[in-house]
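Got a structure for you, written out below as structure tokens; questions coming shortly.
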There are 2 protein chains.
Amino acid sequence: MNQLEKTQLDTRTRIIETATDMFLLRGFSGTSMSAIAQSCNMTKASLYHHFQGKEDLFIACVTYGYADALEALAAIAADGSLSAEQKLRAAVDALYTTMIISPVGRMSPLIAEVSRAFPSVARSFHTEYVEPQRATLWGIVEEGQHSGAFRNFDKNQFFHLAFGPMVTLSLSREMFATFDDLDDHFPVDDLRDGHAAVLLKILAPE
Amino acid sequence: MNQLEKTQLDTRTRIIETATDMFLLRGFSGTSMSAIAQSCNMTKASLYHHFQGKEDLFIACVTYGYADALEALAAIAADGSLSAEQKLRAAVDALYTTMIISPVGRMSPLIAEVSRAFPSVARSFHTEYVEPQRATLWGIVEEGQHSGAFRNFDKNQFFHLAFGPMVTLSLSREMFATFDDLDDHFPVDDLRDGHAAVLLKILAPE
DNA sequence: GGGCATCAACCGACCGTTCGGTAGGCATTT
DNA sequence: AAATGCCTACCGAACGGTCGGTTGATGCCC
């Protein structure tokens with residue numbers, strides 16, 4: 001990669017990260033291309049030099065974080081030094097971090113907003129992010145089931161109980177982001193620990 | 001209330017219900033006042049005769065469903081013929097119905113979209129809808145704890161595990177509303193029953 | 001006749017998008 | 001080494017259209 005391509009990539013990345021922040025704050029329709037350009041210290045015309053249009057930029061924002069978010073989880077699942085219980089516990093921690101902190105984890109309400117206008121974005125989010133995440137987590141559960149550490153449990157039921165609370169926590173913190181007592185209402189660490197304990201309990205052999 | 005006031009109220013209600021559907025489909029910024037007026041078979045000017053502005057109309061839409069959604073839950077909590085376990089089971093059913101079907105239960109991503117622009121809407125949603133709902137559900141749990149039917153359990157942890165899955169299910173069905181195999185991915189009845197069973201299990205005395 | 005609901009017409013601002021053009025780096029030709 | 005042509009990045013200005021919101025008039029029902 002020469003200097004020119006690198007500069008171009010840097011600019012694109014800078015735009016994507018800036019735009020992602022704004023989309024998360026104000027929603028898709030609530031964020032204008034002019035406002036994004038302004039935040040990137042460039043003109044609208046320059047912005048349109050790097051992206052074909054608003055939808056194109058939005059898709060780039062959504063897709064941008066898939067890999068990193070999945071990689072952290074995959075690393076835990078592949079760690080041979082951990083037992084299934086340890087992996088599950090670590091995976092829960094990693095998932096909470098992703099859902100609360102990383103842009104891609106906080107995008108659910110954004111996807112909901114555009115789900116009818118851009119069904120392909122929702123499809124991509126599901127196929128390339130949600131499903132791989134579920135599959136990796138389920139691999140850990142299956143490993144525990146084979147070793148006798150976990151009991152049998154319905155797959156979709158487990159996802160419902162595992163992802164439900166953490167996604168809702170992420171959503172709640174977006175909904176009530178302006179509360180100055182947000183951490184009192186929704187204390188991430190406490191809720192995460194209690195949740196992990198319950199998951200291990202319902203998976204424990206009878 | 002005379003005939004005139006009643007007609008006016010009917011018109012307001014008709015507008016609110018129409019606008020709510022559109023806000024849920026396209027988001028706040030994605031729904032224009034012209035489009036709402038058109039769906040109501042009236043002019044924008046007539047729409048502005050009934051509501052001061054877009055924010056005013058939106059607040060009316062959000063507030064509109066509070067009472068009905070809370071009433072169904074309160075009726076269960078007040079039913080003297082049911083045991084605490086039966087009440088909890090019925091409450092879970094009612095909450096799933098609210099979250100999946102009723103507009104107010106499906107509004108979470110909408111609140112997230114406007115949370116920074118209209119913090120007061122988020123506040124109202126929390127104070128007048130979320131908190132009363134939690135309080136009523138917790139009343140049922142406390143009743144069971146006093147009678148020995150339920151063990152002690154941290155309040156916020158319980159909310160996390162009880163509301164988490166159902167809110168996420170509602171959100172997921174909004175995000176992936178365009179999928180033609182939506183009910184295969186997110187089967188409400190199955191997930192609800194399994195969830196209720198787990199809740200009763202973690203509350204069961206040791 | 002007086003208050004109310006509705007309307008067509010209109011407003012300035014902003015939307016996403018496009019256009020014509022400029023500045024500067026790089027490679028090839030002279 | 002100078003001149004040429006091309007490419008990327010960027011910009012000011014403007015496009016047609018839509019936004020939320022307003023005005024004044026018209027019909028209608030009590």
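Each chain gets a letter, A, B and so on, in the order the sequences are listed, and its residues count up from 1. The figures that follow rest on heavy atoms only: side chains count, while hydrogens, waters and symmetry mates do not.
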Query raised in the report: Can a salt bridge be assigned to the pair A:R192 and A:D93 using a cut-off of 4.0 Å between side-chain N and carboxylate O?
Result: yes
Requested in this report: Tell me whether the centres of the aromatic rings in B:F118 and B:F28 are closer together than 6.0 Å.
Outcome: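 Yes; B:F28 has its ring centre under 6.0 Å from that of B:F118.
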Query raised in the report: Could you state the CZ-P distance from A:F51 to D:dA9, rounded to the nearest angstrom?
Result: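 So the CZ-P distance, A:F51 to D:dA9, works out to 12 Å.
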Query - Residues B:R14, B:D10: salt bridge by 4.0 Å N-O rule - result: no
Report task. Taking only Lys NZ, Arg NE, NH1 and NH2, and the carboxylate oxygens of Asp or Glu, determine whether A:R106 and A:D21 approach each other closer than 4.0 Å. Result ->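 Result for this pair is no, no salt bridge flagged.
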Requested in this report: Heavy atoms only: give me the nearest B:H160-A:M166 pair and the separation to one decimal.
Outcome: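 Answer, listing the atom of B:H160 first, then A:M166: CE1-N, 4.4 Å.
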**Report entry** N/O (side chain, B:T43) to phosphate O (OP1/OP2, C:dT6) under 4.0 Å
**Finding:** no
**Report entry** Separation of atom CG in B:D10 from atom P in C:dC4, rounded to whole Å
**Finding:**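 Between P of C:dC4 and CG of B:D10: 17 Å.
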Query - DNA chain C contacts among residues 53-64 of chain A, heavy-atom distance under 4.0 Å - result: A:G53, A:K54
**Report entry** Distance in angstrom units between A:H49 NE2 and C:dC19 C1', rounded
**Finding:**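 Rounded to the whole Å, the gap is 15 Å.
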Report task. Give the rounded distance in Å between these two atoms: CG of B:L47 and P of C:dA9. Result ->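 Spelled out: CG on B:L47 to P on C:dA9 is 19 Å.
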Query - Interatomic distance, B:Y48 OH vs D:dT23 P [rounded to whole Å] - result: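 Result: 13 Å.
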Query - Separation of atom NE2 in A:H50 from atom P in C:dG16, rounded to whole Å - result: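 For the pair A:H50 NE2 and C:dG16 P, the rounded distance is 18 Å.
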Report task. For the side chain of B:K44, starting at C-beta, report the closest nucleotide among D:dG21, D:dT23, C:dT6. Result ->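 Nucleotide nearest to B:K44's side chain: D:dG21.
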Query raised in the report: Does a side chain donor of either B:T13 or B:Y64 reach within less than 3.5 Å of an acceptor in the other side chain?
Result: no
Query raised in the report: CE of A:M42 versus C1' of C:dT22: gap in Å, rounded?
Result: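 In whole Å, C:dT22 C1' lies 17 Å from A:M42 CE.
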Report task. Taking only heavy atoms on the protein side, list every residue of residues 28-39 of chain B lying under 4.0 Å from any atom of DNA chain D, sorted numerically. Result ->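 Those residues whose heavy atoms fall under 4.0 Å from DNA chain D, taken from residues 28-39 of chain B in numerical order, are B:T31, B:S32, B:M33, B:S34.
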Query raised in the report: Given C:dA5, is OP1 or OP2 found less than 4.0 Å from the side-chain N or O atoms of B:S46?
Result: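 Answer no for this pair, as no side-chain N or O of B:S46 is under 4.0 Å from OP1 or OP2.
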Query raised in the report: If you measure from the Lys or Arg side-chain nitrogens to the Asp or Glu carboxylate oxygens, is any gap between B:E174 and A:R116 under 4.0 Å?
Result: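 Salt bridge flag = yes for A:R116 with B:E174.
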Query raised in the report: Should the pair A:W138 and A:F159 be assigned to parallel (<30°), tilted (30 to 60°) or perpendicular (>60°) ring geometry?
Result: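 It falls in the perpendicular class, over 60°.
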Query - Interatomic distance where CD belongs to A:Q52 and C1' belongs to C:dG16 [whole Å] - result: 14 Å
Query raised in the report: Got a salt bridge between A:R89 and A:D193, using NZ or NE/NH1/NH2 to carboxylate O under 4.0 Å?
Result: yes
